[in-house]
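Numbers restart at 1 for each chain; the letters A, B, ... are given by sequence-line order, proteins then strands.
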Amino acid sequence: MDEKYFAKKIEQKWQQKWAESGAFHAEPDATRPKFYALEMLPYPSGNLHMGHVRNYSAGDALAWYKRLKGFNVLHPIGWDSFGQPAEDAAVKRGVNPRDWTEDNIQVMRGQLERMGFSYDWRRQMAAHRPEYYKFDQWFFLKMYEMGLAYKRLTQVNWCSHDQATLSNEQASGGLCWRCGNPVTKKDLEQWFLKTTAYTDQLLDDMAEIEAGWPASVLKRQSDWMGRSEGAFVEFEVMAHGESLFACPIVDGLTSMSDHGKGRVRVFTTRIDTIYGANAIVLAAEHPVIQANIDNFSEEVATKIAFIRAENAKPADHEVEIEKDGIDTGLRAVNPFSHEEIPVWVGNYVMMEYGTGAVMSVPAHDDRDFEFAKKFGLPIRQVISEPHMEHAHHTMQAMALEVPLTIYGVLVHSDFWNGKRSEDAKKEMAEFAVKHGFGEAATTYRLRDWGISRQRFWGSPIPIIYCDRCGTVPEKFENLPVRLPENAPITGTGESPLAKVPEFYETTCPKCDGPAKRETDTMDTFVDSSWYFFRYLDPTNEDMPFDTEKAAYWTPVDQYIGGDDHAVMHLIYARFWSKVMRDMGLVTFDEPVKRLLTQGMVVGETFFDDETGKRIYYPADDVTVERDPKGRLTSAVNAEGKRLRHAIERMSKSKGNGVDPNDMVDAYGADAARLFVMFAAPIENELVWHEAGIEGAVRFLQRVWRLVYRWQSAFGGDLQPPATAGGSESRKLRQKTHQTIKRVSDSFESLQFNTPVAALMELSNAISDVEFENADVDTVFAVREALTSLVLMLTPFTPHTSEELYSVLVGNDDGMLANSARFPEFIEEMAKADEIEIPVQINGKLRSRVMAPPETSNEDLEKLAFADEKVREFTDGKDVVKVIVVPKRLVNIVVK
RNA sequence: GCUGGGGUGGCGGAAUUGGUAGACGCCCAGGACUUAAAAUCCUGUGUCCUUAGGGACGUACGGGUUCGAUUCCCGUCCCCAGUACCA
């Protein structure tokens with residue numbers, strides 16, 4: 001054993017040993033409980049960043065902990081290697097996306113290995129390789145057979161200058177991110193997966209995972225899916241001269257009544273407020289508007305055109321859009337009150353949600369209220385707070401200052417008066433059914449998942465268009481549909497594959513005639529929806545994975561990743577599992593039992609913002625001064641200019657990025673891993689401070705020195721003390737077992753910062769033991785403490801632990817080969833002989849007494865009163881009351 | 001705006017069911033070792049008062065419940081995240 005801790009030397013040694021012995025290779029084993037530890041796979045951008053380090057350090061800690069607890073642990077990693085950055089690199093630097101991606105994977109795998117993460121590398125998958133994306137296509141065809149994949153016309157963001165489709169982010173502000181020209185919407189045929197067929201399951205099955213997922217994630221998912229229960233109500237619509245009114249029958253939006261008049265269907269969650277409706281408001285894109293556009297006055301037509309044009313622009317979320325609209329001149333009849341009300345067009349009604357038509361009830365809806373105020377429409381209150389109900393029967397509608405959106409009691413609503421909103425909602429929906437103008441209904445925000453991308457670097461959609469047979473799925477035996485080696489990637493224009501005849505020219509699988517392939521590729525969220533099943537069986541050529549292997553390993557026991565994937569990725573992955581269940585590949589509803597979302601890694605930035613724009617300076621070029629308390633008092637750059645500072649997300653441009661490679665070079669992987677786990681709770685932001693990692697190194701050096709100092713004493717065959725042992729050894733054993741409990745409990749509850757603190761305390765306790773003159777019991781206690789410490793550190797600092805463990809056991813085979821186990825907590829050992837009991841007088845701490853933990857309340861009280869300090873406060877006063885909490889405290893109330 | 005989460009030393013953060021607030025680490029200060037520095041080790045470190053022993057105050061702010069509140073309840077302020085007219 002070296003006298004000093006050389007991180008690089010032992011890290012290389014153990015990484016090599018692990019690789020040679022296949023220490024982390026996992027195979028199904030029915031005799032052991034399994035644990036599937038999964039972390040979100042990285043995009044191979046070329047560099048590992050600290051966010052990855054944090055994510056994978058947590059996952060690796062858990063994987064190691066479970067291994068030492070005797071679990072058969074599956075801990076794989078792979079690459080989310082399809083996607084735009086590869087194409088951007090191709091555009092910018094003319095490199096081949098495949099080469100670029102493969103090179104990056106090489107580099108990043110090396111970085112992961114240097115961090116010493118305990119992956120089963122045999123199971124690595126990469127989305128861009130044909131053996132993987134073959135099964136993206138396989139799933140697509142299966143879903144096509146199941147009726148879950150379909151094609152339809154839809155609108156996309158379109159830049160006519162660049163001839164390119166854009167994502168919402170790329171079109172933010174209504175301008176193309178690349179050329180700055182205005183973005184329009186364009187109709188395009190796109191493939192969809194029917195996520196909406198599973199909306200109810202996606203919502204209802206949350207009950208199964210509630211215990212293991214952060215509440216905030218489930219909440220966001222359920223908001224995203226946006227189930228709302230209400231009712232459809234049909235309003236008869238007419239023009240002043242009825243002949244002018246045209247009502248195309250559009251299923252679900254409009255219908256024809258038995259008087260031969262057109263009806264418009266609205267969706268409402270508050271049918272109980274229908275007597276307060278002052279208008280029907282339609283989306284500008286509503287079919288009834290389209291059909292009557294020629295009949296409207298010029299003013300109306302102009303307004304409608306204007307609103308449509310506004311809607312076609314991508315939304316700029318920063319600005320609140322002002323309500324706009326116009327009375328079309330059409331009239332509608334309230335089917336409950338038979339009142340005739342105007343039909344408006346409003347910019348706040350969206351064609352994509354519900355029926356594209358609403359009834360406007362300004363008294364009880366914020367948006368309708370604002371709309372009515374702006375255009376001077378009548379506001380009639382029909383819901384009252386229960387205690388106000390009587391007043392409303394005698395009073396005419398009062399002018400509301402603000403809309404009353406709560407549930408209450410119906411007023412001014414004919415024979416429904418006096419009913420509670422909850423009851424009225426139900427009964428009025430039934431009434432509507434009975435009279436044929438409506439029904440209870442549920443609508444969703446979630447739409448089907450559009451997976452078509454006009455991109456090169458993705459999995460080709462395995463569909464063929466034949467002039468004779470139409471849309472024909474590729475045959476399963478022809479999969480994968482391979483990407484060509486090269487395609488003209490310009491970053492502009494439509495699907496690169498559409499310019500590669502060798503790719504798209506094919507024959508029809510049905511008639512063998514000439515045909516064309518689909519040239520769009522799949523959204524990369526497809527790859528990440530099922531990658532964690534491929535790890536189970538990465539070389540299977542016939543199936544995405546073997547169902548028996550899946551039955552052993554899945555569902556995932558713990559998934560760890562960034563909070564930014566809480567909604568999309570995790571909804572798609574849940575959807576995919578449900579589809580796989582319906583295909584018979586798996587038997588469960590939910591693929592992930594427990595989810596942990598980790599916070600961002602941020603760093604201190606220094607900048608000069610005098611010009612209004614922040615000019616950043618890297619920390620190395622900044623001189624910082626602190627006051628005696630350690631508070632930062634000034635920061636100046638090389639030219640002596642005063643700078644301001646802040647904490648911001650790490651990035652190169654801000655000069656606060658940290659390269660994991662540099663950290664490993666300077667401090668070692670173990671120290672870096674220990675620090676990221678210790679510095680903050682995993683779900684919080686983590687502020688990177690160089691000084692913090694130095695503290696981690698110091699701690700590891702201390703532990704190293706402890707083992708170095710004591711190892712010679714551990715030689716003989718040490719037996720546990722027959723007697724209770726001396727008080728020093730007893731105290732240390734106590735601390736050891738208390739720490740075992742704390743650390744185990746922390747791992748079970750997924751806390752990683754507090755166990756490190758507990759281990760530091762234990763290490764401090766060992767340091768307090770004097771080496772010289774230590775008796776045999778003390779040596780035993782130290783050995784137990786040190787061995788426990790080393791084992792419990794393994795999840796955080798596996799290399800250092802392996803090395804120290806090899807010193808303690810006297811062989812170099814490694815913990816797993818030695819069947820090392822996490823130390824066992826012995827309750828008897830953790831118990832203290834004497835505990836400190838605080839004594840309060842009138843709730844204020846005045847003294848402390850020592851007593852055995854099992855001391856009776858009476859004795860504790862006596863001890864307290866015997867205390868000199870307590871006497872000072874009680875003498876000459878009346879003792880009103882004494883509260884004794886066993887093992888906790890004594891509180892004496894005096895007057 | 002709405003929804004969710006949160007305000008604890010100079011900083012990151014600890015505190016079973018209400019029971020010794022500030023564990024652990026960083027920063028900072030003092031000391032030992034050293035020709036010197038680094039490294040290491042030791043000591044101190046919530047604020048204020050005090051010669052000492054000690055005392056008063058203190059978990060965003062204001063109230064309340066309780067023998068006792070960082071923890072429970074009510075009100076106010078602030079921060080962070082998500083969301084964007086979802087009828």
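The aromatic ring centres of Phe336(A) and Phe235(A) sit 6.0 Å or more apart.
Ranking A87(B), C24(B), U3(B) by closeness to the Phe678(A) side chain, first place goes to C24(B). Checking C24(B), G4(B), G82(B) against the side-chain heavy atoms of Lys219(A) singles out G4(B) as nearest. Checking A56(B), A87(B), G4(B) against every side-chain atom of Ser216(A), the shortest atom distance belongs to G4(B).
With salt bridges taken as basic N to acidic carboxylate O contacts below 4.0 Å, one links Asp2(A) and Lys9(A). A salt bridge between Lys741(A) and Glu827(A) is absent, with no side-chain N of the basic residue lying under 4.0 Å from a carboxylate O of the acidic one. Using a 4.0 Å cut-off between charged side-chain N and carboxylate O, Lys735(A) and Glu761(A) make a salt bridge.
The environment of NZ in Lys887(A) is sparse: at most 12 heavy-atom neighbours from other residues, nucleotides or ligands sit within 6.0 Å. With a 6.0 Å radius and a threshold of 12 heavy atoms from other residues, nucleotides or ligands, Glu422(A) has its CD atom above the threshold.
Whole-Å rounding puts the Lys844(A) NZ to G68(B) C1' distance at 12 Å. To the nearest angstrom, C1' of A39(B) lies 8 Å from CD of Gln701(A). Taking atom CD on Glu322(A) and atom P on G1(B), their separation rounds to 18 Å, with Å as the unit. Summarising the geometry, the separation between NE2 on His689(A) and P on G13(B) is reported as 11 Å, rounded to the nearest angstrom. Between the CZ atom of Phe675(A) and the C1' atom of C11(B) there is a distance of 11 Å, rounded to whole Å. Between Tyr667(A) atom OH and C26(B) atom P there is a gap of 13 Å when expressed in whole angstrom units. Between the CG atom of Leu218(A) and the C1' atom of G82(B) there is a distance of 14 Å, given to the nearest Å. Asp223(A) places its CG atom 12 Å from the P atom of G5(B), with the value rounded to the nearest Å.
A gap of 33 Å separates the C1' atoms of A23(B) and C74(B), to the nearest Å. Comparing the same atom, C1', in C49(B) and in U35(B) gives a spacing of 45 Å after rounding to whole Å. Nucleotides A32(B) and G25(B) are separated by 24 Å at their P atoms, to the nearest Å. Comparing G22(B) with A15(B), their P atoms sit 13 Å apart, to the nearest whole Å. Nucleotides G46(B) and C28(B) place their C1' atoms 15 Å apart, quoted to the nearest Å. Using C1' as the reference atom, U8(B) and C41(B) are 32 Å apart when rounded to the nearest Å. For the P atom pair drawn from G7(B) and U59(B), the interatomic distance equals 13 Å after rounding to whole Å. The same atom, P, is picked in U17(B) and in C72(B); the two are 10 Å apart, to the nearest Å.
Between Arg698(A) and C26(B) there is a side-chain polar atom (N or O) within less than 4.0 angstrom of OP1 or OP2. Arg846(A) has a side-chain polar atom (N or O) that falls below the 4.0 Å cut-off from OP1 or OP2 of A56(B).
Heavy atoms of Asp368(A) sit nowhere under 4.0 angstrom from any nucleic acid atom. Among the protein residues, Lys869(A) comes within range of the sugar-phosphate backbone only, with heavy atoms under 4.0 Å from sugar or phosphate atoms but none that close to a base. Nucleic acid contact for Asn684(A): sugar-phosphate only, since backbone atoms but no base atoms lie under 4.0 Å from a heavy atom of the residue. Nucleic acid contact class of Arg227(A) (heavy atoms, under 4.0 Å, all strands): none. If you check every strand for non-hydrogen atoms under 4.0 Å, Gly226(A) touches nothing. In this structure, Met350(A) reaches the bases: a heavy-atom distance under 4.0 Å links it to at least one base atom across the strands shown. Nucleic acid contact for Val882(A): none, since no nucleic acid atom lies under 4.0 Å from a heavy atom of the residue. Residue-level contact check: Arg445(A) touches the bases, meaning some heavy atom is under 4.0 Å from a base atom.
Contact check for Val879(A) versus Val893(A): no side-chain heavy atoms found under the 4.5 Å cut-off. At a threshold of 4.5 Å between non-hydrogen side-chain atoms, the residues Trp224(A) and Arg445(A) count as touching.
In this structure, Arg673(A) fails the cation-pi test against Phe796(A), since its NZ or CZ atom is not both closer than 6.0 Å to the six-membered ring centre and inside 45 degrees of the ring normal. At least one test fails for Lys323(A) against the ring of Phe371(A): distance under 6.0 Å to the centre or angle within 45° of the axis.
Trp449(A) and Tyr572(A) have parallel rings, their planes meeting at less than 30° on a 0 to 90° scale where 60° marks the start of perpendicular. Using bins of under 30°, 30° to 60° and over 60° for the plane-to-plane angle, the ring pair Trp710(A)/Phe771(A) lands in the perpendicular bin.
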If a protein heavy atom is under 4.0 Å from the base, mark B; if only from the sugar-phosphate, S; if neither, -; do that for nucleotides 14-22 of chain B going 5' to 3'.
S-BB-BB--
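For the pair Arg705(A) and Glu685(A), nearest-nucleotide mapping onto RNA chain B gives the more 5' position to Glu685(A). Between Val893(A) and Thr355(A), the residue whose closest nucleotide on RNA chain B is further toward the 5' end is Val893(A).
Where RNA chain B pairs in unbroken runs of 3 or more (Watson-Crick or G-U, both distances under 3.5 Å), the stems are B:1-7 with B:77-83, B:10-12 with B:24-26, B:28-32 with B:40-44, B:46-49 with B:54-57, B:60-64 with B:72-76.
Against the 90° criterion about 0, the sugar-base torsion of G7(B) places it in the anti range.
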